[in-house]
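Everything on this sheet refers to the single structure shown next.
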Amino acid sequence: MARCVQSVQEFVQDSFVPMVAVLCSEEAERVTRKNNLNFAELLRPFCRLTSEGHIRDPNNQVQVVKNLRICVNNMMICPNTVSGALSATQRRLLNEVVLSCQPQEGALSSVITAGDYNLNFSGKDYSLTATTPWFEAYRENFLQSMPASDHEFLNHYLACLLVVSSTEAVPVEQFLKLSQEQHRIQHSGEYSSPKWFIPNTLKYYVLLHDINEGEEQRADTLYEDMKQRYGPQGCYLLKINSRTFSSEDDEQIPDPWSQYLHRNFLHNEVNTLWKNLHPLDLRPIKDKAWPVVNLQISFKLDVISFPSVSHGTCLTLNDHDRIRQFIQEFTFRGLLPHIEKNIRQLNDQLISRKGLSRSLFTATKKWFGGGKVPEKSISEPKSSCGLQYPPEAPELQIRKMADLCFLVQHYELAYSCYHTAKKDFLSDQAMLYAAGSLEMAAVSAFLQAGAPRPYPAHYMDTAMQTYKDVCKNMVLAERCALLSAEILKSQGKYSDAATLLIKMTSEDSDLRSALLLEQAAHCFINMRNPMVRKFAFHMILAGHRFSKAGQRRHALRSYCQAMQVYKDRGWSLAEDHINFTIGRQSFTLHKPKDAVTAFRQILTNGSRQTATQQGAFLREYLYVYKSVMEENEVSLPHLPLPCINSSATRVYFGRERRLAEGEKQAATHVSLDQEYDQDLAAMWCQLEEQLVASANRGIVPVNFLPTQFCLNSKTDNLRNPLAVVEEPIIVEVMFRNPLKVSLALSKLSLLWRFTPYSPSEEKTTEELAGETITNEETLALQVGCFFNATLTQSVNFLTSTGQQKMDTMMVYGRQDLKIQGPRLNQTKEDKMSVQHGPDRRLNPIITPPMPLMEVFFLQFPTALLCGEIRKAYVEFCNVSGVALSGLRVSSTHPDFFTFGSQATTPLTPLSPTSAENCSAYKTLATPLQPDFVATEMLVSAEDFSQPSGVMEIPLNGNMLQPGESTQLPLWLRGPDQEGVHEINFLFYYESTEKGNKISHRVLRHTVFICASRSLSVQASACRSSASHHSLDNKGNCGTLVFIDVENINTSEAGVREFHIVQVSSSSQHWRLHKCINPGEDNDCKLTSRERAKLCFKATRCTPYQGNLYWGKNKKCCNFLSFTPCGDFFFRCCQTSHQSNIASSKTSSSSKSQTSVPTEDRISDVANIIKKCNELDLNLIVIWKAYVVEDNKQLILEGQLHVALQTIGKECSSLTLKEEAQEMVLLKFKSELPPPVVLPSADLSQLIKTNLHYPETYTHPFVQDSLCVVPVTLTLSNCSLAQVDVIIDLRHKSTSPESLDVHSSFSWVGQTQYKLQLKPQEELCLTLRACFLKAGVYNLNTLRIFAKPIEQGTMCETSHQTASPALIIINNA
């Protein structure tokens, strides 16, 4: 229950105070009206006594009366009053009292922590519990407006003040007249109100003297006469109005009446309506016009504005003291003695009737039995509450005595009397009287000092139940509930108090039910274990009843307080109901902004309502929103629908690419349709770094930042993006409709703010409305000077809803794009707190004009054969007003395309429709050399390739002027591996004007090429074992090169057959000498799945960079020395060279971890052997394919490359797919190092051997039994190191190959030779073989060992593994 300003004891005591009536003459009223007060209002601020009073009980014991307050009211008469319920006027008064008491607007709020909830309560009191002053005002006015009842005397008048002015001609006559009028009202029986406590009412005579008007001496004389007539204890002279108007401006007098009058303003307004019914008016009742009905038109259901009237303007502080002294004199010398006397009289009367003990405290019930005269027959039901007692009944006398004791704080005697009366009433079945005694007995027990007995809560429960169910008197039941709830709350019994208050809710009074439900909710929140959800639920119920009672402000407050519990707890339907009610109440209270906010929560919180309900909510919101928009015509209010995902906002700088025009295909560049990919962004950044480094002499500037065309949530938005003047900026906003109701958007426009910048000053322009854009159009910033600009984040659109045209509503509004930057997570402070960095994607800096280039491709294929050469065209257009230069291009596949070299490009037409565009190769007719010997030509790689991988695009004058365009041929070569390949181009260009913030611009293009199978080229090389007669003209022995060409095309591209046009070679140390294929004079033709084998002889040559060509036709085709053959060859070589360097770095790093001196020695030997086997021979196979397409025969051309690096290792033109690495067994390192094993098989390749002998030898064995044949052994050192050689002729072969021939021969002469061969030296050694008979003999029986000089172990050469050296010995 909400905390009250008063304590419980003070509240209960102030609820039952002695009642004093006031009856004034008209002249006295005039005197008090000078202060804008009547006499009762004049006394009200001073009715609480500051000093203690004393009375004696019937046992002559002194009882102290502390902090006593009396209630002084003007006497109002009423002919008829229904005591069981409040009148309509009284209910309206209570409603206005609650309505006039509202929480202060903008007041600080107090926070109550209840479990996981922090509840805010606005009000003046900032303590831990919230106050409800409207409830206290209602309770006070309710208790004051309770009609007087016959079953109790607490609100009956004990005394009457008769007030006459000293200016009267004969004041004594006026006193007499007023006294007679009071007697008539009390005893005539014509009036049911006011009610009087006892027949002999105390009359206290007050002479009111106006110091500024009357004569003080006359007033004193009149007062002395009054004391003689009425006694000094029954009269008083009150002097007021001592303040003069001249001193009004000089002295500030406090106004203690304002708080009482404002609090009871409405109640007093009712009092003023009875002015015409002055008690001195002696007209009959039927002639008096009762103005009660006129009250109904004087109240408005709105906040009451109190009249700003000053009170007590004629009173000084001395007058205040005189009034306070008057109240004290009246109470101590008049009222309290009067009450004490009546208590004694009642006690004596009750005891004397039975002639028993004088002490009431020892009396029993039989002492007070008898004397009652029920007015109803005994045959009526005993539960009837209509039983009434005559005024002189002993039961009523006991009740009257109990009420007198209660009013003067004698609670112990009062409890005894109430308890005794309760028994009598229950025995007589007088339930109304019994309930009243039970109620007051419980209150008296609670108020007793020292608490001799516990609070009998069951008394209150029984009394309230009796009032409510038996007597049907909700007014008394409500008073009982109010008192009991406060008492239970003071004892910490919040649950019992809440239950009691909830029982009092009913349908007869919405205001009472609302207030009690609110207090019950506060009881739940103040429990030891707060029941927060019950608090919120009962606040909702209270808000509903407040709304039914017309208390819209209190209803709104109740729903807002309950919303604190339901918000963000997953109770979406409850939230929707609360927000909807808050929105409606706010709108009716002329708070449209709050209403818009509440309705916005319904529409944006992921509503789970049905489509029909959502449509109803949306219509309410649009209606409220429209009214707000009409009031605020300056700026557009914010709309919550549709929802904007601000973080998903994308900003695109630059024009969107143009679509293809005819055969032209525009560069793909960047568009909003493309999704952001982190890997692709890194790839484009790497390509741009290569281009920037190429343009800056191989160095990337420190301030280099990659170009970002489209900014989103994944890009780096910490810096302001750069935009170019007169180029569009496209903002993509993501809308989401969270409702099940369709929304129609139209007239969308982008609002932006522009800030010009100059070195001297900076100015901010006003907000400008952007152009209207649709889904197909974009908004551009059109400005023509150097400045910085800021894009304002707002969208203006129209929203409509409804399935029918009649229900369609349209409103205008705006939505702000508030983009939250990434969360900071660098420092410790960032990690400990949630902080976000800036996101400046919507704050571009506009730079001066820059060139803008567009790229178009003509005849660009989408499918190629592997290695196919195709010619396309590319067109560069400068569509800006600034010249561009430094045009470059970089690609992820630099071997896919080439623009050619100016030095090697043949004269080809620029028009793609020329007839000479059919072939990619230039043919030169030369006479055919004998034996198909190839021609030689020196070619420099620098004429074709660029070391950095960035290709500079040749332009006329290295510049493209504004509006100009140029068209260049672009040669394409199909990838070597089949499949779909994504190839990315990045074009780079600069402005001719230096010093801009944007140093360069780039243009992206992505193509997809589908590569199909063509030819597979397998090549290998081995050393020739030819005799010395077959050496070339330079004296060098050759190497055999075997080429295996297979048609692996599956005819999917319509390829009919392939023709091998030319086989070329490129090497610094080797050249193709001639083709040694026997009997192949025709062109090499391959159909599907056919294979051709070619054999060439390669010989060493002097070191140079050159190219050797061989052609099978009658013409020598010098293709490699021109574009595009040379370009693609050298680009492929450069790509493979870079990959080899990367692999060698990896292998060397892995070996360096386990290097030891022995392994260094082995590495040296391996290097010697590797150099010995190095070949470094690149082969180029040029082919033509005949394709049938659309009943037309086309000729496709292409070239394949094979790099022979090592003798004996087969190489292929196809790219081998990487196989998954097999898992190997994990082995632990052995303790002893493994023995060093020299690579004997590799060392055997150091020496090349050849035996020269006659194939047939005839000898007469009859004449000479020994046949000696000379044999020449040629030794060749294939390495670049000096080699030790040992020749052992004592070896006898045991190989299976030599068992089939005669082996009965011997080497004669020296059987072992030790020689040294210099690098690449050849040595001939003459041997002699001796045969004993004719036959076929294998001379390959000798053993040859070789080793480098630095090695200590000899290794046998592999000459025995070669073919047998057979000789035929014939007998002559």
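Each residue takes its place number in the sequence, starting with 1.
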Does the ring center of Y418 lie less than 6.0 Å from the ring center of Y411? no

Residues forming a side-chain contact (heavy atoms from CB on, under 4.5 Å) with E224, sequence neighbours excluded: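 With neighbours one apart ignored, the set is K227.
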
Taking atom types as modelled, find out whether D150 and Y389 have a side-chain donor-acceptor pair closer than 3.5 angstrom. no

So F406 and H410, ring-ring contact (aromatic ring centres under 6.0 Å, His included) or not? Walk me through it. CA-CA 6 Å; F406 186 88; H410 197 336; over 10 Å; no

For N241, the option from T32, N35, T313, T316 that meets side-chain hydrogen bond (donor to acceptor under 3.5 Å, both in side chains):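 Per the side-chain hydrogen bond (donor to acceptor under 3.5 Å, both in side chains) rule, the option paired with N241 is N35, out of T32, N35, T313, T316.
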
Quick one, V12 and D14 - any side-chain contact, counting heavy atoms below 4.5 Å?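 A side-chain contact under 4.5 Å is absent here.
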
So how far is it from F175 CZ to L23 CG, rounded to the nearest 0.5 Å? 11.0 Å

Separation of L154 CG from E439 CD (nearest 0.5 Å):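 Reported to 0.5 Å precision, the distance equals 8.5 Å.
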
Determine all donor-acceptor pairs shorter than 3.5 Å in which one atom belongs to a side chain in residues 160-172; sequence neighbours excluded.
unit_1 : atom_1 : unit_2 : atom_2 : d
S165   : OG     : T167   : N      : 3.2
S165   : OG     : T167   : OG1    : 2.8
S166   : OG     : H209   : ND1    : 2.9
T167   : OG1    : E27    : OE2    : 3.0
E168   : OE2    : S25    : OG     : 3.4

Would you say Q90's side chain and S145's backbone share a donor-acceptor pair under 3.5 angstrom?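 Between the backbone of S145 and the side chain of Q90 there is a qualifying donor-acceptor contact (under 3.5 Å).
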
Between Q397 and L350, is there a donor-acceptor pair closer than 3.5 Å when you use the side chain of the first and the backbone of the second?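 No; judged by distance alone, with no hydrogens or angles, the pair does not exist.
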
Please state whether the rings of F46 and W257 are parallel, tilted or perpendicular, taking 30° and 60° as the class boundaries.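 F46 and W257: perpendicular rings.
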
